[in-house]
Amino acid sequence: MSLLEVKNCTIRYQNGTSAVNNVSFSVEKGEIVSLVGESGSGKTTMVRAILGLLPPGGKVTEGEIILDGRNLLSLSEREQEELRGKDIAMIFQDVGASMDPIKLIKSQYVEAIRTHERISREESYDKATDMLKRMHLTDANRVMASYPFELSGGMKQRVGIAMGMTAQPKLLLADEPTSALDVTIQAQVVHELRELRDKYGATIILVTHNMGVASYLSDKIGVMKTSQMVEFGTRDEIIIDPKEQYTKDLIDAVPKMGGNRFAR
Ligand code: ADP
Ligand code: MG
């Protein structure tokens, strides 16, 4: 059984147009699956539906989303809330914007841990610093004693990833987690995501418009175009032997770097 199965999923917003149209794909435990496609193709809508947090007016009108054998669409509001952060966590494009600007990282982080776990502040603090170190924020105590504005964009993004991973969710959703970062920092954060999978067995769905990032990171890639998944396959099937012209165009749009743009 796959960890996640999305079956014939259609998602509509209030105006009636389908943002996601009859999309199916699955994610195995320990895999990184990327959803790639142009802006407006339905990627964010798809992952937010998995998280159970569609924007107001959005609704899954057809299909199933099954995590570990449980149909997420039949859960109560309360059950969904329990799932979020614990079984499914999400990293947003600009983590900094979702942080409280007037609270130290340590109070935000410790609070976040304690909404899911009945452990002391001290234990929560230790858990947090341990996770920050895993994300290569070596001076974890200083990070904890900082306000968000005192950290660089790349540091904040790593704090966000660390916070998402602390509860060891079954599934981590990352929506354009590097797009707001400088190119050099992007590469580092992409590397941390890869390490999460390789070292800690995380299962990740990554949303990106960048086929280069998807190629480097993914076990499988789903290509989305105008609400549909036009192609889904292993990394090599998509990158080496794409079937759709649209996929080829996305691959061609990746700037060549050192003659080997898809090195991994
Ligand atoms: P992507 O993440 O691939 O850029 P989105 O999932 O954000 O795509 O958007 C898919 C489609 O759904 C677009 O046509 C977009 O305009 C529409 N859409 C997204 N969010 C909303 C919303 N909150 N209300 C109405 N329509 C939306
Ligand atoms: Mg999006």
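Counting from 1, the numbers follow the sequence of the chain as shown. All ligand and atom numbering here is 1-based and tracks the order in the structure. No hydrogens, no waters, no symmetry mates; every other heavy atom, side chains included, goes into these values. All values derive from a computational prediction rather than experimental measurement.
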Distance only, no hydrogens: is a donor on one side chain within 3.5 Å (strictly under) of an acceptor on the other, for Asn15 and Thr17? yes
Any side-chain donor near an acceptor of the partner, Gln188 and His136, under 3.5 Å: no
With a 4.0 Å cut-off on N to O distance, would you call Arg194 and Asp198 a salt bridge? yes
Would you mind checking if Glu82 and Arg78 are paired as a salt bridge, meaning a charged N to carboxylate O distance below 4.0 Å? yes
Among Arg158, Arg197, Arg134, which residue meets the salt bridge (Lys or Arg N to Asp or Glu O under 4.0 Å) test with Glu192? Arg158
Minimum heavy-atom distance Arg12-Thr10, with the two atoms named: NH2-CG2, 3.9 Å
Over all atoms of both residues, closest heavy-atom pair of Ala49 and Leu54: N-CD2, 3.8 Å
Residues in side-chain contact (heavy atoms from CB on, under 4.5 Å) contact with Gln80, at least two apart in sequence or another chain: Leu75, Arg84
Metal site the Mg ion (ligand 2), protein N/O/S atoms found under 2.8 Å: 1
Show me a pair-per-line table, with atom names and distances to 0.1 Å, of protein N or O atoms that are under 3.5 Å from an N or O of ligand 1.
unit_1, atom_1, unit_2, atom_2, d
ligand 1, 2 (O), Thr44, N, 2.9
ligand 1, 2 (O), Thr44, OG1, 2.8
ligand 1, 3 (O), Ser41, N, 3.2
ligand 1, 3 (O), Ser41, OG, 3.3
ligand 1, 3 (O), Gly42, N, 3.1
ligand 1, 3 (O), Lys43, N, 3.0
ligand 1, 3 (O), Lys43, NZ, 2.8
ligand 1, 4 (O), Gly40, N, 2.6
ligand 1, 6 (O), Thr45, N, 2.9
ligand 1, 6 (O), Thr45, OG1, 2.5
ligand 1, 8 (O), Gly42, N, 3.1
ligand 1, 20 (N), Tyr13, OH, 3.4

Under 3.5 Å, side-chain donor or acceptor atoms of residues 221-230 against the rest of the protein: list the pairs with distances, not counting sequence neighbours.
unit_1, atom_1, unit_2, atom_2, d
Ser227, OG, Ser18, O, 2.9
Ser227, OG, Ala19, O, 3.3

